[in-house]
Enquirer: 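Structure below; questions to follow.
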Amino acid sequence: MTRVPADRRAGAHPAAGDRHTRARYRRILRFAAANLAVTWWYELFLPRIGLARLAGRTRSARMTAFARRFHALALELGGLMIKVGQFLSSRLDVLPPEITEELQGLQDEVPPVAFPAVRELAESDLGFPLETVFASFQQAPVAAASLGQAHRARLLPADADVAGLKDVVVKVQRPGIEAIVAVDIAALRKVGGWLSHFRLVSDRADMPALVEEFAQTSREEIDYLHEAAAAERFAEDFARDPRVQAPRPVWERCTRRVLTLEDVTAIKITDAAALRAAGIDPADVAPVFASVMFDQLFTNGYFHADPHPGNIFVTPATSVAGGHPWKLTFIDFGMMGEVTASTRAGLRRLLIAAAARDGKGLVAAIRELGVLVPAADTVELERAMTQLFARFGGMGFAELREVDPREFRDFAEEFGEVVRSLPFQLPENFLLIIRAMSLTSGVCSSLDPRFNLWDSVEPYAARLLREEGGNAVQDVVRRLTDAAGLVLRLPGQVDGLLAAIGDGNLAVANPRLERQAARLDRAARRTASAVVFAALLVAGALVRSSDAVVGTVLMAASAAPLLHALWAGRRGH
């Protein structure tokens, strides 16, 4: 982990000489402290003294009040507070409607900067008056975001010939936003430091590390040269995908604070009326959007980490060439994430296990991703996941909302303590992955209230399995090696256990332990033989389609461990 400089650690105060900066810093901290105190009182303290029902009765009103206060604060302060509000508003699948409905306006309510200030900053960075750089430049912004705002413009004929386009969108950074972002990050470091003192939080995540990850992402987001390069890389990843497009940057008109991109403005992805007017069913857009986001996370390893509705358009076929009737057009590539090969492999296994309703496989994938510490005992969690899939697996968001709340309450009471007791943690670099998937789920639910994520997960997982089929033989060999190791290790472990008992080095409270251990020895040998039998049989079946001889040999060889398993089982009677 990178060590944070002393002046940037959690709680580092912004520049002492700027009264406005200090006031902003204190305002954010007061808001956070007040709401943390309210949450602690109602959600932790009152239930402990038997007043959980009182907390429950006031929860809806408290959520609404919090959302309204945060909405007002975000609009007043801007900066990263808008980003936080946009994230909360997208969590339709998790957060109550009291919060999401109140904060949805933050997607479009960011007030614009006056044009004279925009002109001054743009001309300072480009080095020339706007009239000499562009053929036209609209003063009214087409969009205003938390860190910058966009204006439509047209390139000069000579520049248009070189770029291969003439209509562009010029994104100009908000004046002074770098200082505002620095203050917001300092405040978030302080809040992260507070949270790290609560064991419930510190056992699950390294809050200072997460804040630093967010800080790094925010600094990259206000570097428009970084965003231009990200747009190009994203477009290359989907160059052969007829469902997706991205704007091309005009490098000659890009600086660190001014970004000039191809104008790809179309229908906002959540504008249901406009989509229907263009002959596009919003319910058809949801699974395509989910699939495209899956491709980014599970295949490409490079993903758009801010896919809220303001950053995605649907472009009808009349405006683009290609075999698909419409395209998803992504913009705003300031917040991008990368997934390492090992993490991507873990995510793929997680998706496949979820599609198969495999509770044990899901827990194994979670452990592989580092979300569970290696020493965690997951037997009860596997049982909980299996029962969860059995009852709720395959349900969409709308179906889950129709389930009797008492069922969720009963399930939570039964397994809540199991989940709370396990050493979950949030690995570094997971913040953007969680954000991207949360926003994806929220957008899909907005497009189609009855959208069922499983309908997208299952075919995608099946495709992943087909793609990985070419490595089936290597995977079988690995599994055979694991099984052979199991065969060799288990009897020795049982013998060691018995030897320890015989030497008096192990306290034995149950006189039947030796008989149980002997049965465990026989069962272990029988199970290991059965595993080898199944692995050889599956390997033969997979290989036989491409190599009949080798496949037949493997299938025939599986008879040996099968006979051993049967013989060991009979011998035990």
Enquirer: Taking the side chain as every heavy atom from C-beta outward, state whether Phe451 and Pro287 have any pair of such atoms under 4.5 Å apart.
Expert: yes
Enquirer: Between the main-chain N or O of Val113 and the side-chain N or O of Gln149, is there a donor-acceptor pair closer than 3.5 Å?
Expert: yes
Enquirer: One thing to verify: whether Glu212 and Arg189 come together as a salt bridge, which I'm taking to mean a side-chain N less than 4.0 angstrom from a carboxylate O.
Expert: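 Looking at Arg189 and Glu212, the cut-off is met.
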Enquirer: Within this structure, what is the CD1-OG1 distance for the pair Ile312 and Thr270, rounded to the nearest 0.5 Å?
Expert: 9.0 Å
Enquirer: Counting C-beta onward and ignoring hydrogens, is there a side-chain heavy-atom pair between Val211 and Val191 closer than 4.5 Å?
Expert: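 When only atoms from C-beta onward are counted, Val191 and Val211 do not touch, as no gap falls below 4.5 Å.
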Enquirer: Would you name the heavy atoms of Tyr42 and Pro47 that are closest together and state the gap between them?
Expert: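 That closest heavy-atom pairing would be O-CD, 3.3 Å.
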Enquirer: Any chance you could measure Phe303, atom CZ, to Met335, atom CE, to the nearest 0.5 Å?
Expert: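 Here the rounded value is 10.5 Å.
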Enquirer: Just checking Arg68: does its CZ atom have more than 12 heavy atoms from other residues, nucleotides or ligands closer to it than 6.0 angstrom?
Expert: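 Counting neighbours around CZ of Arg68, 12 or fewer heavy atoms of other residues, nucleotides or ligands fall under 6.0 Å, so no.
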Enquirer: Within the 4.5 Å heavy-atom criterion, are Ile185 and Ser218 side-chain neighbours or not?
Expert: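 They are in side-chain contact.
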Enquirer: Taking all atoms of both residues into account, what is the closest heavy-atom pair of Pro141 and Pro112, and its distance?
Expert: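 Shortest heavy-atom separation between Pro141 and Pro112 comes out as CG-CB, 3.7 Å.
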Enquirer: Nearest 0.5 angstrom please: Leu439 CG to Ile434 CD1, how far?
Expert: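 Reported value, rounded in 0.5 Å steps: 12.0 Å.
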Enquirer: Can you find a heavy atom in the side chain of Phe31 that is under 4.5 Å from one in the side chain of Arg69?
Expert: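 Yes; the side chains approach each other to less than 4.5 Å.
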Enquirer: Go through it in stages, so that I can follow the logic: the residues are Leu369 and Arg349, the test is side-chain contact (heavy atoms from CB on, under 4.5 Å), and I'd like the CA-CA distance, side-chain angles, deciding distance and then a yes or no.
Expert: CA-CA 10 Å; Leu369 286 168; Arg349 292 188 184 96; over 6 Å; no
Enquirer: Can you confirm whether Asp332 sits close enough to Lys171 that some side-chain heavy atom of one is under 4.5 Å from a side-chain heavy atom of the other?
Expert: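 Sidechains of Lys171 and Asp332: in contact.
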Enquirer: Could you tell me whether a side-chain N or O of Ser445 sits under 3.5 Å from a main-chain N or O of Ser441, the two making a donor and an acceptor?
Expert: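 Side chain of Ser445 to backbone of Ser441: a pair is present.
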Enquirer: Please say which of Thr440, Thr217, Asp306 ends up in a side-chain hydrogen bond (donor to acceptor under 3.5 Å, both in side chains) with Arg435.
Expert: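 Exactly one candidate clears the test, Asp306.
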Enquirer: Any idea which heavy atoms bring Gly337 and Ala305 closest together, and the distance?
Expert: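 The pair with the smallest heavy-atom distance is N-CB, 4.3 Å.
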Enquirer: Which atom pair, heavy atoms only, marks the closest approach of Ala286 to Cys444?
Expert: O-SG, 3.5 Å
Enquirer: Between Asp281 and Asp448, is the side-chain contact (heavy atoms from CB on, under 4.5 Å) condition met? List the steps.
Expert: CA-CA 10 Å; Asp281 187 346; Asp448 179 8; over 6 Å; no
Enquirer: Calculate, to the nearest 0.5 Å, the distance between atoms CD and CD belonging to Glu178 and Gln173 respectively.
Expert: 5.0 Å
Enquirer: Do Leu77 and Ile180 have side-chain heavy atoms sitting under 4.5 Å apart?
Expert: no
Enquirer: Rounded to the nearest 0.5 Å, what separates atom CD1 in Ile269 from atom CG in Asp271?
Expert: 11.0 Å
Enquirer: First locate atom CZ of Phe70, then atom CG of Asn35, and finally report the distance between them rounded to the nearest 0.5 Å.
Expert: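 Taking CZ in Phe70 and CG in Asn35, the distance rounds to 9.5 Å.
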Enquirer: Compute whether any side-chain donor of one residue and acceptor of the other, for Gln216 and Glu220, lie under 3.5 angstrom apart.
Expert: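 Result is yes, a qualifying pair exists.
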Enquirer: If you look at every heavy atom in Gly346 and Ala365, which pair is closest and at what distance?
Expert: O-CB, 4.1 Å
Enquirer: Evaluate the side-chain proximity of Leu46 to Trp41: yes if any heavy-atom separation is below 4.5 Å, no if none is.
Expert: yes
Enquirer: Which donor-acceptor pairs under 3.5 Å do the side chains of residues 289-301 make with protein atoms, sequence neighbours left out?
Expert:
{"unit_1": "Ser291", "atom_1": "OG", "unit_2": "Arg243", "atom_2": "NH1", "d": "3.3"}
{"unit_1": "Asp295", "atom_1": "OD1", "unit_2": "Tyr460", "atom_2": "OH", "d": "2.8"}
{"unit_1": "Asp295", "atom_1": "OD1", "unit_2": "Arg463", "atom_2": "NH2", "d": "2.8"}
{"unit_1": "Asp295", "atom_1": "OD2", "unit_2": "Arg243", "atom_2": "NH2", "d": "3.0"}
{"unit_1": "Gln296", "atom_1": "OE1", "unit_2": "His304", "atom_2": "N", "d": "2.8"}
{"unit_1": "Thr299", "atom_1": "OG1", "unit_2": "Tyr460", "atom_2": "OH", "d": "3.1"}

Enquirer: Return the minimal non-hydrogen interatomic distance between Ile99 and Ala67, and the atom names on each side.
Expert: CA-CB, 3.8 Å
Enquirer: Looking at residues at least two apart in the chain, or sitting in another chain, which of them share a salt bridge (Lys or Arg N to Asp or Glu O under 4.0 Å) with Arg174?
Expert: none
